[in-house]
2 protein chains.
Amino acid sequence: MAKRKVRNLLALALLGVLSERPMHPYEMASVLRERAKDTSMKIQWGSLYTVVQNLEKHEFVRATETTRQGGRPERTVYTITEAGRAELVDWLSELVERPQHEHNSFEAALSLVGHLTPDRAIELLRQRLWTLDADVDNITRSLRQMVEEFNFPRVFLIEAEYRLTMIRAEADYVRALLKEITEGSISGIEGWHAYHRDREAPKAEH
Amino acid sequence: MAKRKVRNLLALALLGVLSERPMHPYEMASVLRERAKDTSMKIQWGSLYTVVQNLEKHEFVRATETTRQGGRPERTVYTITEAGRAELVDWLSELVERPQHEHNSFEAALSLVGHLTPDRAIELLRQRLWTLDADVDNITRSLRQMVEEFNFPRVFLIEAEYRLTMIRAEADYVRALLKEITEGSISGIEGWHAYHRDREAPKAEH
DNA sequence: GTGCGTATACTCGCCTACGAATAATCATCG
DNA sequence: CGATGATTATTCGTAGGCGAGTATACGCAC
């Protein structure tokens with residue numbers, strides 16, 4: 001499979017909105033912000049305009065109009081091309097079909113957690129768990145509201161349900177891990193304690 | 001909290017290995033590759049050298065020696081500084097304490113899956129599920145081997161156990177989603193079907 | 001002993017991402 | 001009616017990320 005000409009995921013979202021109707025970049029951002037209002041994905045302005053330019057360079061979109069409202073900066077309206085629609089479907093298919101090993105910072109942190117003392121790790125994990133549980137509550141509540149109060153069809157909510165599922169799974173994992181560390185039932189824990197005792201001893205000796 | 005001077009997660013891993021002993025960049029890469037052999041995180045050479053330079057610029061590491069073996073390129077050995085150790089612990093603490101909303105490509109894809117036909121989506125999700133289940137099997141097996149055959153302490157495996165948990169959760173979610181789509185029990189599905197029927201109709205009409 | 005594949009070790013330059021800066025207009029509140 | 005802040009809309013400079021490329025040395029087969 002040939003490499004994607006434009007790799008930034010923002011480009012996928014842009015192709016998504018442009019497949020509905022032509023827009024100028026700022027409008028694309030507004031639409032995205034509206035749709036994903038809860039996640040409040042902070043729009044990165046630099047990326048937005050760069051990515052649109054890249055999409056144009058590779059002919060996935062085409063500038064079809066420039067208008068001007070009063071004395072405001074000129075607006076360039078972009079339209080998706082056939083190649084753009086094809087790219088959207090193809091890219092989307094690939095992302096759904098193949099799990100990508102995305103590098104997750106918590107996973108990285110866990111692999112290095114030995115550099116913290118066990119006590120400190122417990123403290124931090126408790127804090128994380130608290131936040132995760134709060135997140136789960138919030139998302140659950142807003143999802144319920146969307147469905148029950150506003151009759152929002154669930155097909156439009158699957159990405160939020162997915163997110164909820166994953167956060168809940170992480171919370172459960174952290175809860176179990178905390179239990180094992182505090183109870184000392186995870187193998188190798190004495191080594192972890194010992195490592196940090198040895199490193200502190202010399203200082204205490206002074 | 002001030003922004004991190006070096007943001008690339010690779011830097012965290014490098015500080016991790018350097019906290020054990022001084023090394024030259026290529027050696028850091030080898031050690032990382034060895035440790036994370038299963039995830040086979042493809043070492044990105046450009047990033048490696050850039051990141052080490054950045055770490056040096058901000059005085060988290062210091063070049064302490066340059067040696068030469070035969071006619072090979074010169075090797076520069078880097079040593080972690082006190083500031084570097086502090087950064088490692090501080091950064092690590094932050095990553096453990098606060099869940100970051102990392103942007104996941106499957107989540108993005110799900111939010112745009114309406115652009116695929118339901119039938120195609122089902123097909124792709126089945127393929128994904130198959131891969132996820134296979135991944136679960138592989139990780140489970142290698143974890144069991146590590147613990148039972150090699151007596152590897154579990155504290156060194158928590159990141160793998162975490163990953164396993166998350167993949168399993170994703171697999172369960174995809175399984176449930178597939179059931180709901182194929183059975184048509186998810187609200188809004190007629191709209192999804194209708195949308196694609198309408199788009200194909202004109203072509204069929206021709 | 002010579003040829004070939006692999007391991008060692010790094011450099012270079014392009015492209016991308018990003019966020020601060022700019023700048024005009026609109027809403028609003030006293 | 002004039003000041004203040006929010007909204008609309010984009011540009012630009014720069015730091016960072018990455019992958020292809022380079023170059024030597026080592027090991028092993030034949």
Side-chain angles (χ1 to χ4, degrees), chain A residues 1-14 17-18 22-34 37 40-58 60-61 63 65-78 100 102-103 105 108, chain B residues 2-14 17 22-34 37 40-58 60-61 63 65-78 100 102-103 105 108:
Chain A
M1 166 142 334
K3 229 171 299 175
R4 302 272 155 219
K5 306 286 185 154
V6 185
R7 256 160 308 192
N8 194 328
L9 270 187
L10 177 57
L12 188 71
L14 294 181
V17 292
L18 282 180
M23 289 183 209
H24 55 99
Y26 191 86
E27 194 183 358
M28 302 175 206
S30 315
V31 172
L32 283 183
R33 200 178 332 176
E34 229 172 86
K37 56 175 166 284
S40 83
M41 67 117 108
K42 197 174 108 208
I43 297 294
Q44 272 149 342
W45 297 107
S47 301
L48 176 65
Y49 287 86
T50 315
V51 165
V52 170
Q53 263 175 55
N54 288 343
L55 285 174
E56 189 184 15
K57 192 169 72 188
H58 296 290
F60 294 138
V61 305
E65 193 190 352
T66 61
T67 63
R68 163 171 298 236
Q69 291 256 4
R72 293 214 201 128
E74 225 176 39
R75 304 188 300 192
T76 307
V77 175
Y78 292 89
Q100 325 251 293
E102 243 128 65
H103 236 342
S105 64
Chain B
K3 228 172 301 177
R4 301 272 155 219
K5 306 285 188 159
V6 185
R7 258 162 305 192
N8 195 329
L9 270 186
L10 177 59
L12 188 71
L14 294 181
V17 292
M23 289 183 206
H24 56 99
Y26 192 87
E27 195 183 0
M28 302 176 206
S30 316
V31 172
L32 283 183
R33 201 177 331 175
E34 228 173 87
K37 56 175 165 284
S40 83
M41 66 116 111
K42 198 175 108 207
I43 297 292
Q44 271 144 346
W45 296 106
S47 302
L48 176 66
Y49 287 86
T50 316
V51 164
V52 170
Q53 263 176 54
N54 288 341
L55 285 173
E56 188 183 18
K57 192 169 71 188
H58 297 290
F60 294 137
V61 305
E65 192 189 351
T66 60
T67 63
R68 161 173 298 239
Q69 290 255 9
R72 292 213 202 130
E74 225 176 37
R75 304 189 300 190
T76 308
V77 175
Y78 292 89
Q100 326 246 293
E102 245 129 64
H103 234 343
S105 63

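Reminder, nothing fancy here: chain letters follow the sequence lines and each chain counts from 1.
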Practice item. Could you check how far CZ of B:R33 sits from P of C:dA9, rounded to whole Å? Key: 11 Å
**Study point:** Length of the CG-C1' vector between A:L14 and C:dA17, whole Å
**Key:** 14 Å
Study note, to complete from the structure: Considering only heavy side-chain atoms of A:T50, the closest of D:dT10, C:dA20, C:dC18 is C:dC18
Check your understanding: Can you check side chain to side chain contact (heavy atoms under 4.5 Å, CB included) on A:Y78 and A:E56, steps first, answer last?
Key -> CA-CA 9 Å; A:Y78 292 89; A:E56 189 184 15; 3.9 Å; yes
Exercise for review: For B:I43 and C:dT8, give me the distance from atom CD1 to atom P, rounded to whole Å.
Suggested key: 13 Å
**Study point:** Nucleotide D:dC18, atom P - distance to CZ of A:R4 in whole Å
**Key:** 18 Å
Study note, to complete from the structure: 5'-most contact on DNA chain C (nearest-nucleotide basis), A:W45 vs A:K5, goes to A:K5
Exercise for review: Could you go through the side chain to side chain contact (heavy atoms under 4.5 Å, CB included) check for A:M28 and A:V52 one step at a time?
Suggested key: CA-CA 10 Å; A:M28 302 175 206; A:V52 170; 4.1 Å; yes
Point to revise | A:L14 side chain near A:L32 side chain, heavy-atom distance below 4.5 Å | key: yes
Practice item. Specify the residue among B:R7 and B:G46 whose closest nucleotide of DNA chain D lies further upstream toward the 5′ end. Key: B:R7
Exercise for review: Report the distance from atom CD of A:Q53 to atom P of C:dC15, rounded to the nearest whole Å.
Suggested key: 13 Å
Check your understanding: When rounded to the nearest 0.5 angstrom, what is the spacing between CD in B:E102 and CG in B:L9?
Key -> 7.0 Å
Exercise for review: With the side chain of A:N8 defined as its heavy atoms from C-beta on, choose the nearest nucleotide among D:dT10, C:dA17, D:dG17.
Suggested key: C:dA17
Review point. Is there a side-chain polar atom (N or O) of B:H24 under 4.0 Å from OP1 or OP2 of C:dC10?
Key: yes
Exercise for review: Taking only the side-chain nitrogens and oxygens of A:Q44, find out if one of them lies under 4.0 Å from OP1 or OP2 of C:dG19.
Suggested key: yes
Practice item. Describe the nucleic acid contact of A:T76 in one word from base, sugar-phosphate, nothing, applying a heavy-atom distance below 4.0 Å. Key: sugar-phosphate
Check your understanding: From the list C:dC10, C:dC18, C:dT16, which nucleotide is the closest neighbour of the side chain of A:K57?
Key -> C:dT16
Study note, to complete from the structure: To the nearest angstrom, the OH-C1' distance between B:Y26 and D:dT24 comes to 13 Å
Revision key, fill the gap. note: A:L10, atom CG; C:dC15, atom P; distance rounded to Å ~ 20 Å
Practice item. Starting from C1' on C:dA7, measure out to CD on B:E27 and report it in whole angstrom. Key: 14 Å
Study note, to complete from the structure: B:S47 and B:N8 have their tightest heavy-atom pair at CB-ND2, 4.3 Å
Exercise for review: Establish, with yes or no, whether the OP1 or OP2 oxygen of D:dA15 is under 4.0 angstrom from a side-chain nitrogen or oxygen of B:N54.
Suggested key: no
